[in-house]
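Heads up: the structure comes next, in structure tokens.
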Amino acid sequence: MKIALISDIHGNLEAFHAVLHDIDAAGVDHLVCLGDIVGYGADPAACLDLVRERQPRVIVQGNHDAYAADERDLDAFNPLAAAATIWTRQQLGEERRQWLRDLPLHGYIEPDVMLVHASPSDPGAWEYLRFLADGALALADQPTRYCFFGHTHVPMAFRHDGERVDQLIESEYDASEGDHWLVNVGSVGQPRDGDWRAAWTLFDHDAQRIELRRIEYDIETCMLKIVGAGLPERLAERLTKGR
Ligand code: ZN
């Protein structure tokens, strides 16, 4: 069974189209969406509609989805994220916001494959798993052999082999090794690992192979839309740097 995992689309329709094209070319059995469909980008409604049209087997809620879905206080967000969230709320309409509200915080696509946006420890606490110590703590709570997440927009893997935890940054992993894997699938619409290209992850469950894929997309159009929508210009500029 081949599973395509996408996360952190963030309203970037150009990147999402490019990723879906590559997923279709790869030929997968299931699509999984790890949240943050909206926020930052200029096409939150179109991205949300396209996710629904593609009928992923599992969709979990991200923090930007949760904040765009209701009128909660934005104190936890930096000014850029807060400005984008207020704008996004206006774009979505009540039906889409209700759909976002109803998304679960975690799911499973196989009994041994857990799916979350931020962390398997406490998915609604929106922790950022960046460093080895973060991954080691989260792996201690992970109930399954595999868990895939997003949230930091930095693709990487934490591997536990029974004695030690390693933090790995590769484009391909032999997932038959080790006891537990906690894998960040990268971001479709706002990568932050210094590479501007859209990211998604292919997990071949039978072959136990995990592959990170990077795809170029029409970033100029995407940036023009962000500026044209009246969103902060920094949200367009950061896309070129992958930060
Ligand atoms: Zn995000």
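Ligands are counted one by one from 1 in listed order, and the atoms in each one are counted from 1 as well.
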For the residue pair His153 and His10, categorise the inter-ring angle as parallel (less than 30°), tilted (30 to 60°) or perpendicular (more than 60°).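 If you compare the ring of His153 with that of His10, the planes turn out tilted.
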
Has His10 got an N/O/S atom less than 2.8 Å from the Zn ion (ligand 1)?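 Yes, within the cut-off.
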
N, O or S of His151 under 2.8 Å from the Zn ion (ligand 1):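 False for His151.
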
Tell me whether Leu48 shares a hydrophobic cluster with Trp200, the cluster being built from Ile, Leu, Val, Met, Phe, Trp, Tyr side chains joined at under 4.5 Å.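 Linked, Leu48 and Trp200 end up in one cluster.
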
Please name the atom of Asp8, restricted to N, O or S, that is closest to the Zn ion (ligand 1).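 Of all N, O or S atoms belonging to Asp8, OD1 is the one nearest the Zn ion (ligand 1).
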
Which atom, counting only N, O or S, brings Asp36 closest to the Zn ion (ligand 1)?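 Of all N, O or S atoms in Asp36, the Zn ion (ligand 1) lies closest to OD2.
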
Tell me, with the steps shown, if Leu202 and Lys2 meet side chain to side chain contact (heavy atoms under 4.5 Å, CB included). CA-CA 7 Å; Leu202 176 63; Lys2 288 184 180 177; 4.3 Å; yes

Is there a salt bridge (Lys or Arg N to Asp or Glu O under 4.0 Å) between Glu170 and Arg159 once you walk through the steps? CA-CA 12 Å; Glu170 312 282 347; Arg159 182 187 62 201; over 6 Å; no

